[in-house]
2 protein chains.
Amino acid sequence: MLSEWCSHNAYPCRVHEPKTTTTAGELPPTDPAKTRQTEPRPGTAAWWLARESEPARQRRRRALTLDAVLDAAMTLLDTRGAAALTMRNIADALGCTQASLYRHVRNREELVTLLIDRAIGPASSTPPDDLDWAEKAAWSARRFREHLLRHPGVASLLRGTERLGPNSLAGVQYSLELLIGAGLSPRLASAAASSLATFVIGSVHLNLGLDMSDPEEIRHRRLLYRSRDTATFPLLVQHADTLAEVSSDDEFEVGLHALLTGFRSLITNGPAELPTDGR
Amino acid sequence: MLSEWCSHNAYPCRVHEPKTTTTAGELPPTDPAKTRQTEPRPGTAAWWLARESEPARQRRRRALTLDAVLDAAMTLLDTRGAAALTMRNIADALGCTQASLYRHVRNREELVTLLIDRAIGPASSTPPDDLDWAEKAAWSARRFREHLLRHPGVASLLRGTERLGPNSLAGVQYSLELLIGAGLSPRLASAAASSLATFVIGSVHLNLGLDMSDPEEIRHRRLLYRSRDTATFPLLVQHADTLAEVSSDDEFEVGLHALLTGFRSLITNGPAELPTDGR
DNA sequence: AGCATAAGCTAACGGCGTTCGCATAACAGA
DNA sequence: TCTGTTATGCGAACGCCGTTAGCTTATGCT
C-alpha cells in the first residue's frame, strides 16, 4: 500500500529563521498581510513556485526526509483516517518528536497540501484507447472517484486548495487534451475540466461519513420522508420510498452523464448559449 | 444581518444522563457501535427523527435557549469565520461558560449540524414565474451559490452530512417539483437534484480560501503554467495566459449550463443512455 | 411550603498545533 | 586533522481546543 504513493523531488529542510525579533521600542509589523508577503500561503501558485526555486541543499544527519514524513502521514491517513492525522501521531510513527517535523514542513497546512498532491498521483490513469473523448472522460472520472472512495481520508482533506501540484497538473493537462481535442476552446475546456473535477470531488466529499446504501439508514430516511407534513412536502411524502433508495452512485452517474452531454452540446452548438460570456 | 437566520422550533435542554456508570465487576460495553445505537450520529435521518420525537419540555431559569446559542454561533461564523467557531467563543459571545452550551447541544458536531440547516434556510427563494424549468433551476442554483459565497463560513462547514434538516428538505422538495414537472422520473429527478446541489456546494467549497480573480494570484498562476516542462505539459504552457484567467465563475457557469443541458436531453431521450441503471 | 430538577457555574482533563532554546553530528576549508 | 558553521534532531513548554464531573441555584409543580 505504501508503494502506491509516488514520491517527488526532495527538498531541503526548513531553515529556522530567527523570526526577526522586534527589538525593544521598535514597532511590530503593522500589516502582517503585507509584511508576510514572503512565505506565501501553502497551495497557492506563488507557494508552489517559491518551493521549486529553493536551492536543493544537501541533507545531513540521520536523514529524516520530507518524503519519509509524507509517507508516514499517508499511511496514517489511510489506516486511521483524517482525524488521526496529527503531528504527534506522525512523529510517533516515525519515532521522532513533533518538533522535528517542523524542520521539514512549515506547518500542518503545508504538510496537508503536499500530501494531497501526492495522494492524487495514482488517481489518474489513461483510459483504453478505443473510446471516444466523452467515454474517456467518464472513465477517468470514475477512476478518480473510486480512488477517492478507497481513500476517504484523502477526500476529506481535498478542500479550499487550488490543485496546482505536479500530480494535479498532470490531471489538468490530460483533461485539456481530451476536451480541446474534442473541439472546445481552451478557455471553455479549462472551465469544463474543472467543473467536472469539482463535481467528482464534491460528490465524494459530501457523502464522506455516510453509507447511503446502508439498509438501516435507508429505512430511517424513508421514515423521515414519510413523516413530513404532506401539505408542505407533498413530493417527499409521495415518493418517500423511491427517494430513500437513491444512492450516491446514482447521483454520480446521473451528474456525470449530464455534464458530458452538456459538454457535447457545447461543442456542436458553440458557446453562444452561455450567459454573459464576456467579463 | 442576524434576522436573516430564521429560527425553527425550540427544543428542550439536554438531560444530563449519568453515563450509565459501570458498576465494579461489570463488563464495559463490548461493541460501542452497537450499544450506542441510542443517540444516533448528528445529521443522520435517525438523528433528525429522534430529535423531533423528544417531548418539548418547558424551559426554566434564565433562558439560554438553543436558538440563542445558534444565533450566537451564526453571527460568530459570519463575522469571524469558521476557525473562530469554538465553544469558548460562542460562550463568550453569550456571556456564559462553555459548559453551559452542553446543556443545549450534545457536542460541537450537533451544533454544527443544526447550524448548517439553519444557515441554508435563506438560500432558497422562488424564482420568477415566467421562466421555464431549466431557467428556474439555474436561477435557484445561482442564488444558492451567491448565498454561500456571501457566507463562506457556512460553506466551509457543509460537508459529510446529509441534508435532511427542515430547511434543506424545502430545497429538495422544490427541486423535485421542478424536475418531475419537467418530465423526469422521481428517481432520476432526485439523482439530478442532488447532483446539482453537489455541484453548487462543491464549486463553492473548493474555492473557499481563494480569490481566483486576484490579479496577483492570476499572475502567479500564469508564471507557474509558463514554467512547466513543455514536453510533459504542452497544453498548460501553450495556453498559460488563458488558463490563468479562468475564474471560478466561469467554471460554475459552464458546469451549470452543462448539467441542465444534460438533464434536458435526459428528458427528451429517456434514461436509456444511462449506464447500468439497474442495481 | 417543599421538593424535584432544569440549568447554570467552577475546575479540570487530555489532546492539539506550534515555538523556544539547546545539543549534536556532518560537512567545509584550513 | 582540526575548527567553525550549520543542518537537524530533541525536551519542554505555551495557549487553545472539546468535553466532563460535580456543585449550586433558581424554577415550576403539587
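Here is how names work: the chains are called A, B, and so on, in the same order as the sequence lines, proteins then strands, and each is numbered from 1. The analysis underlying the following values was restricted to heavy atoms, covering all of them including side chains, and did not include hydrogens, waters or symmetry mates.
OP1 or OP2 of D:dG9 lies within a sub-4.0 Å distance of a side-chain N or O belonging to A:His104. Dashed line: the shortest gap from a side-chain N or O of B:Ser100 to OP1 or OP2 of C:dC9 is under 4.0 Å.
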*salt bridge (Lys or Arg N to Asp or Glu O under 4.0 Å) between A:Arg145 and A:Asp249: does it pass, once the steps are laid out?*
CA-CA 10 Å; A:Arg145 176 166 180 260; A:Asp249 291 314; 3.0 Å; yes
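A:Leu101 has its CG atom 12 Å from the C1' atom of D:dT8, to the nearest Å. Counting to the nearest Å, the C1' atom of D:dC10 and the CE atom of A:Met87 are 15 Å from each other. Regarding A:Leu76, its CG atom lies at a distance of 10 Å from the P atom of C:dC16, rounded to whole Å. If you take CD of B:Glu109 and C1' of D:dC17, they are 16 Å apart, rounded to a whole angstrom. Here D:dG9 presents its P atom at 10 Å from CG of A:Leu94, a figure rounded to the nearest Å. B:Ile90 has its CD1 atom 11 Å from the P atom of D:dC17, to the nearest Å. Straight-line distance from the CD atom of A:Gln98 to the P atom of D:dA13: 14 Å, rounded to whole Å. Atom CZ in B:Arg103 sits roughly 13 Å away from atom P in D:dC23 (whole-Å rounding).
Interface remark: the A:Arg88 side chain does form a donor-acceptor pair with the C:dG17 base, using a distance-only criterion of under 3.5 Å.
Residue B:Tyr102 has its side chain nearest to D:dT20 when only C:dT18, C:dC9, D:dT20 are considered. The side chain of A:Asn107 lies closest to C:dT18 when the candidates are C:dG8, C:dC16, C:dT18. When the nucleotides C:dT18, D:dG11, D:dC17 are ranked by their closest atom to the side chain of A:Ala99, D:dG11 comes out on top.
B:Thr97 comes within 4.0 angstrom of a nucleotide base, judged by non-hydrogen atoms across all strands.
Residues B:His151 and B:Leu77 have side chains not in contact (no heavy-atom distance under 4.5 Å, counting atoms from C-beta outward).
A:Glu216 and A:Arg219 are joined by a salt bridge, as a carboxylate oxygen and a charged side-chain nitrogen come within less than 4.0 angstrom of each other.
Contact record, A:Asn89 with A:Ala84: ND2-O, 2.8 Å, taken as the closest heavy-atom pair.
In this model, no donor atom of one side chain and acceptor atom of the other lie less than 3.5 Å apart for B:Thr198 and B:Ser195.
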